[in-house]
Amino acid sequence: RRRCAAGRRRLRIRRRDRHICRFPGCDAPIRHIHHLVEWANGGLTISANLVGLCWFHHDLIHREGWKLIGNPDLGPMTALPPRRWGNRDP
């Protein structure tokens, strides 16, 4: 199992996402390839589980607890703030 999206896989994700952050409403360039289901939690390093994110939104997800849902191979993503999916206390 591979954790990092490197080489051709990374390039495919960047091309699929048109080199633009997949967080809704953002048009910043991709700086990180992010696992929707974290690798440590069994998430696979496959295109349906990877999205390109800008630095700000990658940090927002990891530090603030936001979550992206959807299948990036099929269409737009939906962003849920922490309280909407139960990661944090209200």
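- Evaluation of the side chain to side chain contact (heavy atoms under 4.5 Å, CB included) rule for R15 yields L11, H19 as partners, not counting sequence neighbours.
- The salt bridge (Lys or Arg N to Asp or Glu O under 4.0 Å) pairs that include a residue from residues 32-53 number zero, where partners must be two or more places apart or lie in different chains.
- We find the NE2-SG distance between H57 and C26 to be 5.0 Å, quoted to the nearest 0.5 Å.
- With contacts defined as side-chain heavy-atom distances shorter than 4.5 Å, the pair M77/I69 does not qualify.
- Rounded to the nearest 0.5 Å, atoms CG (D59) and NE2 (H32) are 8.0 Å apart.
- Note on ring orientation: taking the six-membered ring where Trp is involved, the planes of H62 and H34 are perpendicular (angle over 60°, cut-offs 30° and 60°).
- Atoms CG and CG, from L68 and L53 in turn, are 6.0 Å apart once rounded to the nearest 0.5 Å.
- Contacts of I20 classified as side chain to side chain contact (heavy atoms under 4.5 Å, CB included), with partners at least two apart in sequence or in another chain: D27.
- For the side chain to side chain contact (heavy atoms under 4.5 Å, CB included) test, residues two or more places apart in sequence or in another chain that qualify with I30 are R14, D17, I33.
- For the atom pair CH2 (W39) and CG (L44), the distance works out to 10.5 Å, reported to the nearest 0.5 Å.
- Looking at residues two or more places apart in sequence or on another chain, you find a side chain to side chain contact (heavy atoms under 4.5 Å, CB included) between P29 and R31.
- Taking 4.5 Å as the limit, every side-chain heavy atom of F23 sits out of range of all side-chain heavy atoms of F56.
- Partners of R16 under the salt bridge (Lys or Arg N to Asp or Glu O under 4.0 Å) rule, at least two apart in sequence or in another chain, are D73.
- Residues P72 and S47 come closest through the heavy atom pair CG-O, 3.6 Å.
- In this structure a side-chain-to-backbone donor-acceptor pair under 3.5 Å is missing from R9 to I46.
- Summarising the geometry, atom CH2 belonging to W66 is positioned 9.5 Å from atom CD1 belonging to I61; distances are rounded to the nearest 0.5 Å.
- The CG atom of L50 lies 5.0 Å from the CD1 atom of I13; values are rounded to the nearest 0.5 Å.
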